[in-house]
Amino acid sequence: MKKLFITAAIATLFSVAAFAGNGKQNGDEDNVTYNALNDFKADFKSADNAVWAITPNFQKVSFTENNKDYTAFYNLDGDYVGLTQNINYRRMPLAVRKKIADNYKGYKVMDAIKYITNTNEEPTVYFVDIQKNNSEVLLKVSADNSVSFFKNVK
């Protein structure tokens, strides 16, 4: 559930409305648009275990490719929005980890996600979920290794 929430928060950055995690699970693809389904099959030819979910704002598909788990997002017209992948926080650059440790003392890293879009502005960003006591924050890490506050989770 936490992974779904973080993925939803990331999708919010590139959409008009927030992704509501209460989508209809649809493993048989009955309600997926033709464009989304065909684009997915063309872009991720070796994908396995694809499970689609439809929400009021997105079509998303969680799948495995080359033994890695991904989630691809499509808008309701079937246009590709982006791709997420959970990553190991320790694989992020040392400078990024140091900035987070220095600026968020006492916080524990819960998750790190790579988000890839089809935009030229910032095609790849990372999001790091950190938590301390009753506070949970989502940080954005840009390609230049800058770290910025993105959203309070709780």
| request: Determine whether Ile87 and Tyr115 fall in the same hydrophobic cluster, where Ile, Leu, Val, Met, Phe, Trp and Tyr are linked whenever their side-chain heavy atoms lie under 4.5 Å apart. | output: no
| For the residue pair Val147 and Val141, what are the closest heavy atoms and their distance? | CG2-CG2, 4.2 Å
| note | Nearest heavy-atom approach of Leu76 to Thr55 is CD2-O, 3.8 Å
| Do you reckon Leu138 sits in the same ILVMFWY cluster as Tyr107, going by side-chain contacts under 4.5 Å, direct or chained? | no
| request: Evaluate the side-chain contact (heavy atoms from CB on, under 4.5 Å) criterion for residues Tyr104 and Ile130: first the C-alpha distance (whole Å), next the side-chain angles of each, then the deciding distance (0.1 Å), finally the verdict. | output: CA-CA 9 Å; Tyr104 295 90; Ile130 59 175; 3.5 Å; yes
| field | ring pair (Phe, Tyr, Trp, His ring centres under 6.0 Å) partners for Phe149, two or more places apart | value | none
| request: Give a yes or no on whether a salt bridge exists between Glu122 and Lys140, defined as a side-chain N under 4.0 angstrom from a carboxylate O. | output: yes
| said: Quick one, Val32 with Ile54, criterion side-chain contact (heavy atoms from CB on, under 4.5 Å). Give me CA distance, side-chain angles, the key distance, then yes/no. | reply: CA-CA 7 Å; Val32 177; Ile54 311 298; 3.9 Å; yes
| note | Sequence neighbours excluded, the answer for side chain to side chain contact (heavy atoms under 4.5 Å, CB included) partners of Pro123 is none
| query | By side chain to side chain donor-acceptor pair (under 3.5 Å), which residues pair with Asn38, not counting sequence neighbours? | reply | Tyr34
| said: Between Leu37 and Lys41, is there a side-chain heavy-atom distance shorter than 4.5 Å? | reply: yes
| query | Do Val137 and Lys151 touch side chain to side chain, with heavy atoms closer than 4.5 Å? | reply | no
| request: Would you check, one step at a time, whether the test side-chain contact (heavy atoms from CB on, under 4.5 Å) holds for Lys154 with Gln131? | output: CA-CA 9 Å; Lys154 65 176 178 178; Gln131 190 173 27; 3.5 Å; yes
| request: Could you state whether Met110 and Met92 fall into the same hydrophobic cluster, counting links through intermediate Ile, Leu, Val, Met, Phe, Trp or Tyr residues with side-chain heavy atoms under 4.5 angstrom apart? | output: no
| Linked, directly or transitively: Tyr89 and Ile113 (ILVMFWY side chains, under 4.5 Å) | no
| task | Work out which heavy atom in Asp39 is nearest to a heavy atom in Gly78; give both atom names and the distance. | result | OD2-O, 3.7 Å
| query | Say you draw a straight line from NZ of Lys60 to CZ of Phe73; how long is it, rounded to the nearest 0.5 Å? | reply | 5.5 Å
| message | Taking Asp144's backbone N and O only, do any of them form a donor-acceptor pair with Ser142's side chain (distance below 3.5 Å, no angle check)? | response | no
| field | Non-neighbouring partners of Asp102 that pass salt bridge (charged side-chain N to carboxylate O under 4.0 Å, His left out), sequence neighbours left out | value | Lys98
| remark: Smallest heavy-atom separation, Tyr74 atom then Val61 atom, equals CE1-CG1, 4.2 Å
| request: In sequence, state the C-alpha distance, the side-chain angles, and the governing distance for Phe127 and Phe150, and then conclude on ring-ring contact (aromatic ring centres under 6.0 Å, His included). | output: CA-CA 8 Å; Phe127 292 90; Phe150 179 68; 5.0 Å; yes
| Is it the case that Asp69 and Thr64 place a side-chain donor and acceptor less than 3.5 Å from each other? | yes
| request: Could you pull out the closest heavy-atom pair between Gln59 and Asn31, with the gap in Å? | output: OE1-O, 4.3 Å
| query | Should Phe58 and Val125 be counted in the same cluster of Ile, Leu, Val, Met, Phe, Trp and Tyr side chains packed under 4.5 Å apart? | reply | yes
| Do any N or O atoms from the side chain of Lys99 and from the backbone of Asn145 form a donor-acceptor pair under 3.5 angstrom? | yes
| task | Evaluate the criterion side-chain contact (heavy atoms from CB on, under 4.5 Å) for residue pair Ile100 and Val128; output intermediate values, then yes/no. | result | CA-CA 9 Å; Ile100 292 171; Val128 179; 4.2 Å; yes
| request: Supply the atom-to-atom distance Leu83 CG to Asp43 CG, rounded to the nearest 0.5 angstrom. | output: 9.5 Å
| message | Check whether Asn133 reaches the backbone of Ser135 with its side chain - one donor and one acceptor, N or O, closer than 3.5 Å. | response | no
| query | Quick one: side chain to side chain contact (heavy atoms under 4.5 Å, CB included) partners of Lys68, sequence neighbours excluded? | reply | Tyr70, Gln85
| query | Got a sec, which residues hit ring pair (Phe, Tyr, Trp, His ring centres under 6.0 Å) with Phe40, two or more places apart in sequence or on another chain? | reply | Phe44, Trp52, Phe63
| message | Does atom CG (Asn67) have a neighbourhood of more than 12 heavy atoms from anything else shown, all under 6.0 Å? | response | no
